[in-house]
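Notes for the one structure printed next.
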Amino acid sequence: MPTGNQHQISHDEFERLREFIHRHTGISLSDHKRALVCSRLAKRLRHHGLKTYTEYYYLLSQNDPEGVELMEMINAITTNKTDFFREVHHFRFLSEKFLPAFKRAAHYGGTRRMRLWSAGASTGEEPYSLAMTVLEAFPDIHDWDIKILATDIDTNVLARAEGGIYSHEQSQQIPPALLHRYFLKGMKDQEETVMVKPALKELIRFRRLNLMDSDWPMHGLFDVILCRNVIIYFDKQTQSRVVSRLGRALQPNGYLMLGHTESLYGLELGLQPIGLSMYQHTKKPLAALASIQQCT
Ligand SMILES: C[S@@+](CC[C@H](N)C(=O)[O-])C[C@H]1O[C@@H](n2cnc3c(N)ncnc32)[C@H](O)[C@@H]1O
């Protein structure tokens, strides 16, 4: 029952919403997330002038044919923390090992097509970090067929990612030379912000994608997938399902990168761990791994 401005959630209301959220997003909320859920959804109740979470659940489950409120609920419930060059070892691996090896192979007749996917891209720091890493290695980018897909379930963060505007504080995570090369400084009342240059944006396609959707609309396989600090919010069964699908979306010998607290330990997924939360999809692990493991 509401007390003043504060909506409170009963045990049954939380259980119903928890199950609903899990079914639609894969996000698994433990009991100690109850207060968090309550505060994140309170603004949705206020928005609709609702007094209880039972009314809100009814709206979501019975009175939302277009899925408009579902989208808003998802946007409110997700945790979007991210940084530029977060878990920097992955970007180091790309710039020191993967990208030079790819380039070398291309000079010997290998493919010039590379596809990278930031799955759970949040406000864009991860795909832009990827784009800077790629552009540093491929200044002649127009001679290559390289694209980055950036997806997230949350439409608010995707819109911010596409906008490409970051605060001075956020930009401090970017090495100064890269900040200078790939960002514009804001003027007048935007002085405290930086904006991504078109050269970076052009490499990236931003799309909404729920990893729980039964169909992923992408065609073709990826050379590298970053799905970092996303599956940590899923239960083990959902993690296993999502990771095995990510594995199937990889090129042979392609790489999957997870967040440092996310482990595939105990999941039988046919992905070879190569250290630092990185996994390689390979039928012939030994030759490929020998060179890669030197960097771990
Ligand atoms: C904590 S952020 C991680 C951002 C970035 N990958 C990083 O490591 O810095 C997790 C992101 O996963 C997204 N997410 C959560 N569940 C998802 C789902 N079912 N499908 C797609 N994205 C999801 C959230 O919206 C959020 O933006």
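Basis for what follows: all heavy atoms, side chains included, without hydrogens, waters or symmetry-related copies. Whatever order the structure lists them in is the order used to number ligands and atoms, beginning at 1. Everything quoted here is computed from the prediction, not taken from an experiment. Throughout, numbering of the chain's residues begins at 1 and tracks the sequence.
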Pair Asp223 + Arg113: basic N to acidic O under 4.0 Å:
no

Electrostatic pair Glu13-Arg16, nearest N-O below 4.0 angstrom:
no

Nearest protein heavy-atom contact for [atom]: which residue, which atom, what distance?
atom	value
atom 25 (O) of ligand 1	Asp152 OD1, 2.6 Å
atom 8 (O) of ligand 1	Asn229 ND2, 2.8 Å
atom 20 (N) of ligand 1	Leu211 N, 2.9 Å
atom 7 (C) of ligand 1	Arg86 NH1, 3.2 Å
atom 12 (O) of ligand 1	Val230 CG2, 3.6 Å
atom 14 (N) of ligand 1	Ile153 CG2, 3.7 Å
atom 19 (N) of ligand 1	Thr25 O, 2.8 Å

What atoms of ligand 1 come within less than 4.0 Å of a heavy atom belonging to [X]?
X	answer
Lys81	1 (C), 2 (S), 3 (C), 4 (C), 9 (O)
Asp154	25 (O)
Thr78	24 (C), 25 (O)
Arg228	3 (C), 5 (C), 6 (N), 7 (C), 8 (O)
Leu209	20 (N), 21 (C)
Thr82	4 (C), 5 (C), 7 (C), 9 (O)
Ser122	4 (C), 27 (O)

For the pair Glu87 (side chain) and His260 (backbone), establish whether a donor and an acceptor sit closer than 3.5 Å, ignoring hydrogens and angles.
yes

For the backbone of Asn156 and the side chain of Asp154, can you confirm whether one donor and one acceptor N or O come within less than 3.5 Å of each other?
yes

Between Tyr56 and Tyr53, what is the ring plane arrangement, given parallel below 30°, perpendicular above 60°, and tilted in between?
perpendicular

So, for Tyr255 and Phe93, is the gap between ring centers shorter than 6.0 Å?
yes

For Arg160, does the CZ atom have more than 12 heavy-atom neighbours from other residues, nucleotides or ligands under 6.0 Å away?
no

In this structure, are over 12 heavy atoms from other groups packed under 6.0 Å from His168 atom NE2?
no

Would you please test Leu116 and Phe222 for side chain to side chain contact (heavy atoms under 4.5 Å, CB included) and show each step?
CA-CA 6 Å; Leu116 308 150; Phe222 292 90; 5.8 Å; no

For atom 6 (N) of ligand 1, which candidate among Pro127, Ser129, Gly120 provides the closest heavy atom?
Gly120

Give the single entry among Phe84, Phe234, Phe85 that approaches atom 16 (N) of ligand 1 most closely by any heavy atom.
Phe234

